[in-house]
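Written below as structure tokens is the structure these notes are about.
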There are 2 protein chains.
Amino acid sequence: MDRKKIDELIERYIKVSFTVTKRAEELVKCEIDPDITNEQHYLLRYIHQKERCTSTELANVFRVNKSAITAMINRLVEKGFVRRIRDEKDRRVIYLALTEKGSNLFASTEERVHKVVGSFITKFSEDEIESFIQTYEKLANVLLELEVES
Amino acid sequence: MDRKKIDELIERYIKVSFTVTKRAEELVKCEIDPDITNEQHYLLRYIHQKERCTSTELANVFRVNKSAITAMINRLVEKGFVRRIRDEKDRRVIYLALTEKGSNLFASTEERVHKVVGSFITKFSEDEIESFIQTYEKLANVLLELEVES
DNA sequence: TTTAATAGTTAAATAGTTGAACTATTTAAA
DNA sequence: TTTAAATAGTTCAACTATTTAACTATTAAA
């Protein structure tokens with residue numbers, strides 16, 4: 001691959017990822033309950049998927065400091081969507097889980113988010129979207145592997 | 001495409017885009033001058049590319065209210081990276097442009113960002129990355145067309 | 001049994017964001 | 001032509017998200 005082509009691809013990637021990220025965030029915002037933010041919805045998604053998890057785990061997955069997680073989780077706890085459960089074996093650890101209310105909010109919101117994502121994905125052929133996502137997943141794995149080095 | 005496959009693709013897309021976005025933001029942050037934020041770098045990039053633009057245009061491209069742009073541009077002006085230029089024909093309009101200092105900062109930062117993006121892109125074959133970006137661009141266009149409807 | 005490390009919180013500071021109210025200016029309508 | 005509507009941008013208050021440093025509590029290791 002020659003230098004010129006590489007530079008062209010880099011420029012295109014930077015531009016397109018900017019556009020898609022901004023627009024996708026906006027679409028998600030339209031679908032979620034106005035009572036929560038996009039980031040809060042992503043937290044609910046992660047906790048839902050794991051059933052329960054710790055602040056340290058969230059900080060690592062969301063790439064922020066633990067204190068940022070404390071602040072966001074506090075808001076979700078205040079709103080009654082998340083609860084803290086102290087580990088009885090290791091009393092330093094506090095597990096986070098969705099409440100009934102949080103679970104319901106997540107389910108109904110995620111259904112709308114799925115619909116809107118689906119409305120775009122179905123504009124592509126199965127082959128095209130499958131190979132797109134495969135490359136995207138490879139890229140994600142490359143980025144995830146970096147962590148080992150740091 | 002059957003329902004089950006669609007749902008699988010949606011799940012994979014949501015997951016992978018989350019991961020890549022978070023990790024990419026983190027990498028950019030490592031490369032940019034600690035004196036500016038990622039969003040500020042993206043503003044510098046856009047203004048650089050357009051040579052000059054307005055707040056209204058930035059608000060539309062960055063998908064935020066104009067008052068958010070005012071706040072961010074104020075910070076960049078205070079730091080001496082951006083200057084405001086009043087349009088003499090239509091005195092409501094204020095053009096934004098990079099200063100010499102802003103231009104230099106952007107150039108050196110963008111070089112590092114290019115390098116790090118390049119280090120990932122070159123892990124893929126030209127064919128694979130070309131078709132990945134093509135689909136990504138199609139997706140961006142689908143999202144950009146929505147604007148007309150709203 | 002001190003010392004290290006780990007898990008999480010608090011507090012101060014800053015960036016980014018929205019929404020409403022505002023100024024200034026230009027365009028359009030009566 | 002004068003008044004009303006639209007446009008461009010700013011200000012302000014309130015809020016979320018974030019970092020860094022200092023902190024508490026608890027567990028693991030020397």
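Lettering of chains follows the sequences in order, A, B, ..., and the numbering in each one begins at 1.
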**Request:** Remember a base hit wins even if backbone is also touched, and classify A:Thr70 as base, sugar-phosphate or nothing at under 4.0 Å, heavy atoms.
**Result:** base
**Prompt:** Any sub-3.5 Å donor-acceptor pair from A:Asn38's side-chain atoms to A:Glu25's backbone N or O?
**Reply:** yes
**Prompt:** Any side-chain donor-acceptor pair under 3.5 Å between A:His41 and A:Glu110?
**Reply:** yes
**Watson-Crick/G-U partner (both atom distances under 3.5 Å) of D:dA8** = C:dT23
**Item:** Expected output: side-chain B:Asn65 to main-chain B:Ala68 donor-acceptor under 3.5 Å
**Value:** no
**Asked** Quick one: how far along DNA chain D does chain A reach, first to last nucleotide 5' to 3', anything under 4.0 Å to a heavy atom?
**Response** D:dT16 to D:dT27
**B:Tyr42 ring center within less than 6.0 Å of B:Phe106 ring center** = no
**Message:** Just the rounded figure in Å: distance from P of C:dT17 to CD of A:Glu25.
**Reply:** 11 Å
**Asked** Below 6.0 angstrom between ring centroids: does that apply to A:Tyr136 and B:Phe132?
**Response** yes
**Request:** Mind calculating the distance between CE (B:Met72) and C1' (C:dT17) to the nearest angstrom?
**Result:** 9 Å
**Prompt:** For the pair made of CZ in B:Phe62 and C1' in C:dT18, what is the distance, rounded to whole Å?
**Reply:** 18 Å
**Message:** Short of 4.0 Å, heavy atom to strand atom, which residues of residues 80-97 of chain B count as contacting DNA chain C?
**Reply:** B:Lys89, B:Asp90, B:Arg91, B:Arg92
**Message:** Output the rounded distance in Å from CD1 (A:Ile69) to C1' (C:dT9).
**Reply:** 13 Å
**Item:** Whichever of A:Lys29 and A:Glu57 has its nearest DNA chain C nucleotide further upstream toward 5'
**Value:** A:Glu57
**Fill in**
By salt bridge (charged side-chain N to carboxylate O under 4.0 Å, His left out), A:Glu57 pairs with (sequence neighbours left out) A:Lys50
**Partner nucleotide, any strand, of C:dA4 [Watson-Crick/G-U, under 3.5 Å]** = none
**Request:** Could you pick out which residue, B:Ser67 or A:Asn65, lies toward the 5' side of DNA chain D when each is mapped onto its nearest nucleotide?
**Result:** B:Ser67
